[in-house]
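Read the structure below first, then the notes.
On a predicted model such as this, the values are computed, not experimentally measured, just so you know. Whatever order the structure lists ligands and atoms in, that order sets their numbers, starting from 1.
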Amino acid sequence: MKNKKITRKIIQGMYVLTTIGGGCMVDAVSQVSAGDNPLIAVAVMKKNYTNELLKKNNKFALSILGEDINPEIISTFGMNSMRDMNKFEKVTAEEVEGVKVLTDSLGYMVCEIIDSIDNDTHTLFIGKLIEADVYKEGIAMSYGYYQEHKEELIKITTETGKTAWVCTVCGYVYYGEEIPDDFKCPICGVDKSLFKKKEG
Ligand code: FE
């Protein structure tokens, strides 16, 4: 491949995907058909707990994040697993069609899952839009905007006196003088090259 970096020019947004029992941040979302109940495709990492939940549930919701989003939402849904905490305790949500959506967002889409395709890393879930609403007007946050403003959006605090490696994609912190060569971020799956060393 001559230069895979061109794939970074694909414009993606920032969303909180929720389903019954959990949720996570996603960026790979696309409307893939037209009509009154268009199809919405979303890719979710296989090792995410949310992926397991989606395979049991028949619905998901996407809350669309604006550029003015409360950073707490990103750190809650982007850097933690529902296996370890109840993310919904930290945000305001309402239930629509049985799925919790975040009220501090631009709006939501609720979909019924009609198909899914597994690849090596992700599952592509295809849902039919069954309910949607706009909470407020605003600029939707793109993945590029998030990357540029990550430092302000997610305040990463590391323990003093310890050498930390911070995942530049999701903010996960690994403690240790050296990070193993085969290390993969347990939250977002990226490899060692995307971790930045921070001396404590
Ligand atoms: Fe990460």
- Task: Using salt bridge (Lys or Arg N to Asp or Glu O under 4.0 Å) as the criterion, list what pairs up with D181, not counting sequence neighbours.
- Result: K192
- Query: Does anything in residues 95-119 pair up under salt bridge (charged side-chain N to carboxylate O under 4.0 Å, His left out), and if so which pairs, sequence neighbours excluded?
  - Reply: K55-D118
- Query: So, F183 versus F195, ring centres under 6.0 angstrom or not?
  - Reply: yes
- When you check the space around the Fe ion (ligand 1), which protein N, O or S atoms turn up under 2.8 Å? C167 SG, C170 SG, C185 SG, C188 SG
- Task: Give a yes or no on whether the ring-centroid distance for F125 and F60 is below 6.0 angstrom.
- Result: no
Donor-acceptor contacts under 3.5 Å from residues 23-46 side chains, at least two apart:
from: D27; atom 1: OD1; to: Q12; atom 2: NE2; distance (Å): 2.3
from: Q31; atom 1: NE2; to: S33; atom 2: O; distance (Å): 2.9
from: S33; atom 1: OG; to: L39; atom 2: N; distance (Å): 2.9
from: N37; atom 1: ND2; to: L129; atom 2: O; distance (Å): 2.7
from: K46; atom 1: NZ; to: N119; atom 2: O; distance (Å): 2.5

- Task: Inspect the contact between K198 and E159 and indicate whether a charged nitrogen and a carboxylate oxygen are less than 4.0 angstrom apart.
- Result: no
